[in-house]
Amino acid sequence: MCGIIGYNGTDDAIPYLVEGIKNLEYRGYDSFGCAFDKGNSIVIKKDIGRVEDVINKYKLQNLHSNRGVFHTRWATTGSVTVENAHPIMDCTGRIAVAHNGIIENWTELKDSLHGHKFVSNTDTEVLSHLIEENMKGGNTVVDAVKTVFKKIKGSSSFVVLNRDSNELVAIKKGSPLVLGLAKNGIFISSDVPSFVKHTNRVIYLFDGDMAIIGKKHYKISNLISKKIKHNVSIANFSAKDADKGGYEHFMLKEIMEQPGLLKKLEMSDFGEILKIAPLLKTASGVYLVGAGTSFHAARLGARMFRENGINAIPVQGQDLITYKNVILPNDVFIIISQSGETADIITALPIIKANRKIGIINVEGSTLSRAVDILVSLNTGPEKSVASTKAFTLSAVYLTLIAAATAGTLENAISDLKLMNINMYNLLVPSVLAVIRSAAEKINRLDSIFFLGRDYNYIVAVEAALKMKEVAYIHAEAIDAATFKHGPIALVSDKTYAIAFVSGAIEKETLNNLQEVKARGCKIIGIANKPQDVFDIFIRTQDAGRFDFVMQAIIAQLLAYETARKKGLDIDHPKNLAKSVTTL
Ligand code: G6P
């Protein structure tokens with residue numbers, strides 16, 4: 001869960017890499033480091049703290065080089081210290097390594113290295129010294145990297161800058177790496193948005209791929225399989241999609257992009273959905289697998305499938321293993337993931353090797369997008385805010401459409417989608433935004449908030465609570481409104497706030513539950529399409545039938561955003577989090 005970007009070419013690498021690494025900060029942001037070629041030596045600059053601050057500290061903008069590698073870290077092995085920041089050098093100062101992943105056998109490997117001086121407490125440093133060791137006797141850096149790759153266990157992608165050759169060497173296992181083929185040089189990076197301004201011609205690396213990156217040419221070989229083809233793809237988004245587009249934060253930009261994305265979806269041909277529906281109808285069971293926010297989309301989807309008579313089971317990636325004795329050959333798996341790189345899910349893939357897999361995934365070329373038989377590409381463009389918004393909504397909408405297709409009502413669902421898109425114009429109006437801000441004013445100093453709802457609304461409440469925790473750091477607990485009376489109601493006082501989602505068939509029952517809570521002093525912020533006496537603050541959504549959850553989710557995202565904003569927090573980079581979690 002780190003970000004790496006390297007460049008080798010005839011242009012000055014530094015401005016490209018400075019700009020590129022800022023684009024990768026969503027992958028980790030506790031320390032930054034860079035290594036670049038300068039005459040006959042490698043220069044390293046690194047420090048703890050945010051990329052921008054370290055770059056300014058060392059005035060990196062004023063330096064020049066044609067070849068280098070930059071890294072932004074989310075600490076896994078070794079705490080957040082300057083020494084542990086990447087890239088990390090060997091003893092001779094000949095090579096520098098930037099790494100993303102975890103080397104499971106690093107302590108054993110470290111013990112096997114004699115006479116080397118370790119300066120950090122990371123698994124990464126083992127790579128540097130092992131490469132150094134394997135270059136003794138005149139082996140090339142490429143030979144050494146090959147040998148080292150065979151020795152390490154776990155998921156590790158890394159880029160090596162070698163002082164004595166003109167290339168960069170990159171190797172991928174687990175964490176993503178992609179080549180960008182620009183006019184005057186070649187990029188290697190964790191993600192396309194970091195260089196898309198300079199080229200949209202990309203090659204996604206596969207596990208086991210080793211890329212030797214020259215200034216104009218590259219060579220890729222796979223150390224695991226000889227059969228892999230490396231095609232040049234054209235990225236399906238532009239530099240404009242990867243910037244803030246005038247918004248103060250990516251989170252707000254991405255929330256506000258949703259109406260446009262839903263409108264675009266309305267015009268697609270739904271070919272994939274029509275292919276998927278018959279598979280689900282004949283499956284013994286349909287497992288919907290996801291993590292974090294994507295798991296909440298999975299829960300919504302499973303609820304909809306069950307409504308249509310499909311035996312649907314939502315499962316968190318890490319729990320899939322617990323189903324190993326009940327999985328049947330014709331069970332189908334729907335994998336939902338924004339990044340397509342979540343380790344909890346990737347690790348579970350062997351259990352479902354023989355089963356049919358469908359992916360609902362945002363990042364093109366990602367590990368999960370390649371592991372599935374049918375891919376539904378979310379096509380939302382890059383999602384940079386750590387807290388996921390548009391990917392959640394689009395995944396859940398796709399699942400709604402797939403569920404409808406299994407019941408033969410896709411046409412009706414598309415009409416509902418179109419209707420929702422029309423009603424959406426009334427959702428984000430100034431009066432509603434003003435109520436959201438005043439609600440944020442009321443809750444931003446609280447230590448704890450309940451999120452209540454029943455059935456579908458409860459699942460939205462769970463996602464809404466996660467958003468509040470992630471960006472506003474408020475303990476937010478979602479409880480089924482029907483369950484609240486079975487214990488949690490003991491926690492209510494006149495200092496308590498609950499955010500309640502009310503819509504659909506169980507509206508009456510939900511309102512009864514809310515009355516019980518209110519009678520004990522709790523203030524209720526209602527997110528609903530009509531006002532109710534029980535609400536102290538009413539945030540109006542628009543009626544959207546089966547898509548009510550879209551309206552509610554967008555309001556909840558904005559409420560979390562405004563609450564975090566009131567608290568003056570770093571919304572796009574919440575503490576301790578990373579967007580793509582590639583560790584178990
Ligand atoms: C991390 C992120 C969450 C995200 C989850 C799953 O925990 O912080 O925002 O929902 O991973 O990510 P995925 O890319 O698989 O949807």
Side-chain angles (χ1 to χ4, degrees), residues 1-3 24-30 74 76 100 155 174-176 190-191 193 249-251 254-255 288-301 314-320 333-349 357-372 375-399 459-460 462-473 476 553 556-557 560-561 564 570-584:
M1 256 161 349
C2 299
L24 290 174
E25 249 199 316
Y26 72 88
R27 302 182 65 84
Y29 33 83
D30 53 40
W74 188 87
T76 47
N100 180 19
S155 290
S175 308
S190 306
D191 203 355
H249 297 100
F250 279 111
M251 184 175 179
E254 288 158 11
I255 293 172
L288 293 99
V289 188
T293 288
S294 294
F295 174 63
H296 301 153
R299 287 180 77 174
L300 276 172
V315 184
Q316 306 202 53
Q318 78 278 8
D319 278 345
L320 198 51
F333 289 78
I334 303 182
I335 294 170
I336 301 130
S337 175
Q338 189 287 129
S339 62
E341 298 294 346
T342 296
D344 287 344
I345 305 174
I346 294 172
T347 313
L349 287 177
K357 292 175 274 302
I358 295 158
I360 300 187
I361 292 164
N362 198 31
V363 177
E364 222 189 319
S366 56
T367 307
L368 288 170
S369 76
R370 287 162 168 179
V372 296
L375 176 67
V376 176
S377 239
L378 285 177
N379 273 327
T380 74
E383 193 184 63
K384 304 281 274 301
S385 152
V386 168
S388 179
T389 54
K390 58 181 179 175
F392 166 77
T393 304
L394 269 286
S395 315
V397 167
Y398 266 111
L399 288 166
I459 304 172
V460 177
V462 177
E463 170 55 15
L466 179 60
K467 288 284 101 45
M468 192 61 82
K469 288 178 225 179
E470 281 178 303
V471 298
Y473 312 154
Q557 293 161 357
Y561 172 81
D570 188 353
I571 297 176
D572 286 333
H573 306 102
K575 66 172 189 268
N576 307 336
L577 302 187
K579 184 146 189 72
S580 150
V581 180
T582 53
T583 55
L584 290 176

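Indexing begins at 1, ligand by ligand and atom by atom, following the structure's order. Any value given below was found using the heavy atoms of this structure, including those in side chains, with hydrogens, waters and symmetry copies removed. If you read the sequence from its start, that first residue is 1, and numbering goes on from there.
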Checklist entry - What residues come within 4.0 Å of ligand 1, counting heavy atoms only? => result Ala291, Gly292, Thr293, Ser294, Ser337, Gln338, Ser339, Thr342, Val386, Glu470, Ala578, Lys579, Val581

Donor on one side chain, acceptor on other, [X] and [Y], under 3.5 Å:
{"X": "Glu383", "Y": "Ser388", "result": "yes"}
{"X": "Tyr26", "Y": "Asp191", "result": "yes"}
{"X": "Ser369", "Y": "Glu364", "result": "no"}

Item to check | Heavy-atom side-chain proximity of Phe392 to Leu378 below 4.5 angstrom | outcome: no

Checklist entry - Stepwise, does the side-chain hydrogen bond (donor to acceptor under 3.5 Å, both in side chains) test hold for Thr293 with Glu463? => result CA-CA 6 Å; Thr293 288; Glu463 170 55 15; 3.2 Å; yes

Next on the checklist: Exactly one of Thr389, Val471, Ile571 should register a side chain to side chain contact (heavy atoms under 4.5 Å, CB included) with Tyr561. Which one does?
Outcome noted: Ile571

